Amino acid sequence: MSDELKGFAEQTFEKIQQKMSAVVLRNTENIPYTSIDGRFNDYRDNICKWTNGFWAGLLWLMYRETGESIYRGTAERAEQTLDHAFREFDGLHHDVGFMWHISAGLDYRLTGNPQSRVRALIAANLLAGRFNVEGNYIRAWNERNNEQNIGWAIIDSMMNLALLYWASEETGDPRFSYIAVRHANKTMKHHLRGDGSCRHIVVYDPKTGEELDNLGGQGYEKGSSWSRGQAWGLYGFTISYEHTKDMRYLDAARKIANYFICCVRCTDWLPLCDFRSPKEPVIYDSTAGAIAASGLLELSRNVPETEREMYESAAGEILKAMEKHFCDWDMERDGILQMGTERYHGEAGRHIPIIYGDYYFIEAITKLKGNIMQIW
Ligand code: GLY
């Protein structure tokens with residue numbers, strides 16, 4: 001790691017720490033998703049929302065870096081609030097990985113809290129229960145009254161596999177990682193394209209697992225490349241490699257990383273929402289940059305020395321560009337990373353702060369600082 005990058009990480013973390021020390025005091029009970037007019041909103045009434053673990057996860061990252069009890073206490077409350085989602089059950093989906101791996105899961109791994117271990121294991125069992133044994137894929141979504149998506153698998157699920165690998169490592173029961181591996185293999189075959197880009201949604205016949213179609217999902221159109229999906233794939237295959245040491249996953253992660261880097265360089269390291277969309281309108285997605293940067297740093301730890309700098313410096317370029325153009329350091333306003341975009345189509349949810357943008361931005365900066373841990 002270059003001294004210049006380390007210096008950037010130290011300086012940026014100081015700004016994060018300063019801002020978060022004010023933000024956490026204003027948000028002691030709520031579970032935020034976005035910030036509106038500089039104030040975080042509250043998703044406690046939408047408890048099964050897939051993003052509801054990121055606030056606790058972010059606070060655990062801050063606790064790990066600073067040791068300050070305010071972060072720990074607030075993270076613990078958010079984790080307890082999430083218990084309501086288990087009771088609702090019906091609204092839950094494959095993102096129980098995002099929801100519990102970095103809230104309860106990180107709590108357990110940092111503090112040893114036995115209650116948190118139980119929560120993470122319940123979530124892992126829910127995720128395992130979504131596996132289609134004939135089709136070899138994890139069902140993504142669960143919208144009520146929507147029979148159509150029974151056969152849908154999405155690239156994002158690759159991140160959720162971390163919870164399954166952890167559950168096998170924690171319990172010694174290989175069932176969870178068998179499922180993760182089978183889903184990863186199917187994703188590698190059906191989502192990853194020859195040029196290193198990824199499809200967002202693949203539709204399978206839920207009775208046989210045969211591929212029926214693929215969809216553009218949150219990207220521009222069928223055949224395009226939604227940048228956050230590319231980031232999930234690059235980070236997700238890296239995680240599968242870390243837990244299995246199967247070189248095919250590392251190669252998949254490299255391919256997606258090389259494709260991502262190639263695309264993001266063209267727009268001065270600020271990621272567009274879809275790398276294959278019309279030139280106008282210009283729609284960015286900062287969350288894709290934050291996820292990819294953290295994924296690239298994870299990948300850099302797993303490749304031979306000769307490749308390491310390439311991925312580290314690309315992550316650094318993305319983070320520096322986003323720090324310069326997309327970060328809001330005003331302590332009176334909640335939300336650090338601006339310009340996140342939920343999906344390509346539709347004005348709502350475009351160019352807004354999104355909690356997982358902040359989470360992955362902070363995760364990446366702590367990695368650049370050298371504070372390494374197997375988080376996923
Ligand atoms: N996992 C859903 C998204 O990235 O928007």
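Worth knowing before you read on, the calculation uses all heavy atoms, side chains too, and leaves out hydrogens, waters and symmetry mates. For the single chain, residues carry numbers from 1 onward in sequence order. Remember, it's 1-based here, ligands and their atoms both numbered in the order they're listed. Small disclaimer: the values here were computed from a predicted structure and weren't measured.
Near Q218, meaning under 4.0 Å from any of its heavy atoms, are these atoms of ligand 1: 3 (C), 5 (O).
Within the model, atoms CD of E307 and CG of N258 stand 8.0 Å from one another, a figure rounded to the nearest 0.5 Å.
Looking at ligand 1, you'll find an N or O of R228 within less than 3.5 Å of one of its N or O atoms. Considering backbone and side-chain N/O atoms, E342 never comes within less than 3.5 Å of an N/O atom of ligand 1. Taking distance alone, with nitrogen or oxygen atoms compared against 3.5 Å, W50 stays at or beyond that limit from ligand 1.
A cation-pi arrangement is not found for K255 relative to F260, the charged atom failing to lie both closer than 6.0 Å to the ring centre and inside a 45° cone about the ring normal. Annotation: cation-pi pair K369/F13 present, NZ/CZ under 6.0 Å from the ring centroid and within 45° of its normal.
Ion pairing of E342 with R228 is absent here, as no side-chain N (NZ or NE/NH1/NH2) approaches a carboxylate O to less than 4.0 Å.
Counting heavy atoms under 4.0 Å from ligand 1, residue W226 touches it through the side chain alone.
Between H101 and W376, the ring centre distance stays below 6.0 Å.
The residue from T287, D156, I291 that puts a heavy atom closest to atom 2 (C) of ligand 1 is D156.
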